[in-house]
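Position 1 is the first residue of the sequence; numbering continues from there.
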Amino acid sequence: GRTVWKVSDVSFGAWAIGGSWGPVSDEDALGTLHKAIDNGVNFIDTADVYGDGRSERLIGRLQKERKGRDEIIVATKAGRRLPRQTVEGYSRQNLTRWIDDSLRNLATDALDLLQLHCPPTDLYSLPEVFSMLDDFVKAGKIRYYGVSVEKVDEALTAIEFPNVQTVQMIFNCFRQRPAEVFFARAGQKQVGILARV
């Protein structure tokens, strides 16, 4: 997209190291992260809810251990801490708390990329939410922001906001619709695409 980053074609999805898919020791998680970076991966995707922050904390440790050796770009997500997904839940107060928690977990002054974590569809049409994210960028808490979506239509709506830098979406051999209706528009808007699942 329009960020300054050159990211590896293959990234590291850090849900499993949070322990949500079964037990993973800190040593195994860190060993796997180091191996990925050693083999050219420079982009890690995580979320504040992966292991209730454990995934972010492990990535924070990785960055500390590799400080000065590698540029590691971390994308995290926020919004799934809500007990029920509602547009109202994406308030300035909640976003501030989620961002501050991720900053602490990752032991950093600014989040590289914050993505809204599959919020309700109506949220993608609300300028006030993206205006709040702009404020967090201006305050230096996040460098860039994007969205993680369930539907192509959500992605098309989100990228109409000028500072949405990335869209994370399902794209695989069974789910080809993004290539048919989204990729060209994302290219026109210079929006980065993170393929998941």
Side-chain angles (χ1 to χ4, degrees), residues 1 3 5-66 69-82 85 98-99 101-108 110-119 142-152 154-155 158-159 164-179 182-183 186 191-197:
T3 71
W5 300 317
K6 298 289 184 206
V7 299
S8 51
D9 289 337
V10 175
S11 63
F12 187 98
W15 191 0
I17 65 167
S20 302
W21 294 80
V24 179
S25 70
D26 287 2
E27 294 74 25
D28 285 345
L30 285 164
T32 304
L33 284 163
H34 279 290
K35 188 72 167 176
I37 303 304
D38 289 343
N39 283 285
V41 170
N42 73 343
F43 188 88
I44 300 172
D45 175 76
T46 190
D48 58 357
V49 292
Y50 294 173
D52 194 26
R54 180 172 182 245
S55 177
E56 288 180 330
R57 289 189 294 276
L58 287 164
I59 293 162
R61 281 181 57 188
L62 170 81
Q63 289 181 301
K64 185 177 179 184
E65 291 175 12
R66 298 191 76 104
R69 289 192 288 160
D70 307 279
E71 181 186 32
I72 301 168
I73 301 149
V74 179
T76 194
K77 296 185 284 296
R80 286 289 159 180
R81 289 200 176 278
L82 290 171
Q85 285 293 305
W98 299 331
I99 289 168
D101 286 348
S102 289
L103 288 168
R104 272 190 300 278
N105 287 339
L106 288 161
T108 188
L111 302 177
D112 292 333
L113 176 65
L114 177 75
Q115 302 165 96
L116 299 181
H117 200 169
C118 300
I142 58 177
R143 292 184 177 92
Y144 300 105
Y145 66 83
V147 294
S148 183
V149 303
E150 298 284 354
K151 303 172 190 164
V152 171
E154 294 170 341
I159 66 172
V164 171
Q165 302 286 343
T166 60
V167 172
Q168 183 181 60
M169 60 189 349
I170 297 172
F171 178 66
N172 57 45
C173 61
F174 302 106
R175 296 276 292 267
Q176 292 287 302
R177 189 162 183 258
F182 179 70
F183 287 1
V191 170
I193 298 169
L194 309 174
R196 66 181 174 93
V197 190

*Could you go through the side-chain contact (heavy atoms from CB on, under 4.5 Å) check for R80 and Q85 one step at a time?*
CA-CA 8 Å; R80 286 289 159 180; Q85 285 293 305; 3.6 Å; yes
*Dump the intermediate steps for side-chain contact (heavy atoms from CB on, under 4.5 Å) on T76 and E56, then the final yes or no.*
CA-CA 8 Å; T76 194; E56 288 180 330; 2.6 Å; yes
*Walk me through it: do I73 and V7 pass the test side-chain contact (heavy atoms from CB on, under 4.5 Å)?*
CA-CA 8 Å; I73 301 149; V7 299; 3.8 Å; yes
_Verdict with reasoning, N42 to D70, per side-chain contact (heavy atoms from CB on, under 4.5 Å)_ = CA-CA 8 Å; N42 73 343; D70 307 279; over 6 Å; no
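With sequence neighbours excluded, no residue forms a salt bridge (charged side-chain N to carboxylate O under 4.0 Å, His left out) with E71. Applying the side chain to side chain donor-acceptor pair (under 3.5 Å) criterion to N39, with sequence neighbours excluded, gives no partner residue. Residues that satisfy the side-chain contact (heavy atoms from CB on, under 4.5 Å) test with T108, not counting sequence neighbours, are L103, L106, L111.
Of all the heavy atoms in S55 and A14, the pair that sits closest is OG-O, 2.8 Å. Scanning all heavy atoms of the two residues, the minimum distance from A16 to V24 falls at O-CG2, 3.5 Å. Nearest heavy atoms, D48 versus S102: CB-OG, 3.8 Å. M169 approaches A155 most closely through the heavy-atom pair CE-CB, 3.8 Å. Among all heavy-atom pairs drawn from A29 and L58, the shortest one is CB-CD1, 3.7 Å. The two residues H117 and A47 make their nearest non-hydrogen contact at CE1-CB, 3.7 Å.
One finds the CG atom of L113 at 9.5 Å from the NZ atom of K77 (value rounded to the nearest 0.5 Å). Distance check: I37 CD1 to Q63 CD gives 9.0 Å after rounding to the nearest 0.5 Å. Atom CG of L33 and atom CG of L62 lie 5.0 Å apart (nearest 0.5 Å). A distance of 7.0 Å separates SG in C118 from CD in Q168, rounded to the nearest 0.5 Å. Taking CG from N105 and CD1 from I59, the interatomic distance works out to 10.0 Å, rounded to the nearest 0.5 Å. With values rounded to the nearest 0.5 angstrom, Y145 atom OH is found 10.5 Å from T166 atom OG1.
Under 4.0 Å is where a charged nitrogen must lie from a carboxylate oxygen, and between D38 and R66 at least one such pair does. Between R61 and D26 there is a salt bridge, since a side-chain N of the basic residue sits under 4.0 Å from a carboxylate O of the acidic one.
Note: W5 and Y144 meet the aromatic proximity criterion, with ring centroids under 6.0 Å apart. Between F182 and F171, a ring centre-to-centre spacing not shorter than 6.0 Å is recorded.
A heavy-atom distance below 4.5 Å is not found between the side chains of D45 and R196. By the 4.5 Å heavy-atom criterion applied to side chains, V197 and F174 are not counted as neighbours.
Aromatic ring orientation, Y50 versus W15: parallel (interplanar angle below 30°, classes split at 30° and 60°).
Side-chain contact of Q115 with S148: a donor-acceptor pair under 3.5 Å is absent, judged by distance alone.
The backbone N or O of W98 sits nowhere less than 3.5 Å from a side-chain atom of R81 that would complete a donor-acceptor pair.
At most 12 heavy atoms of other shown residues, nucleotides or ligands fall within 6.0 angstrom of atom CZ in R175.
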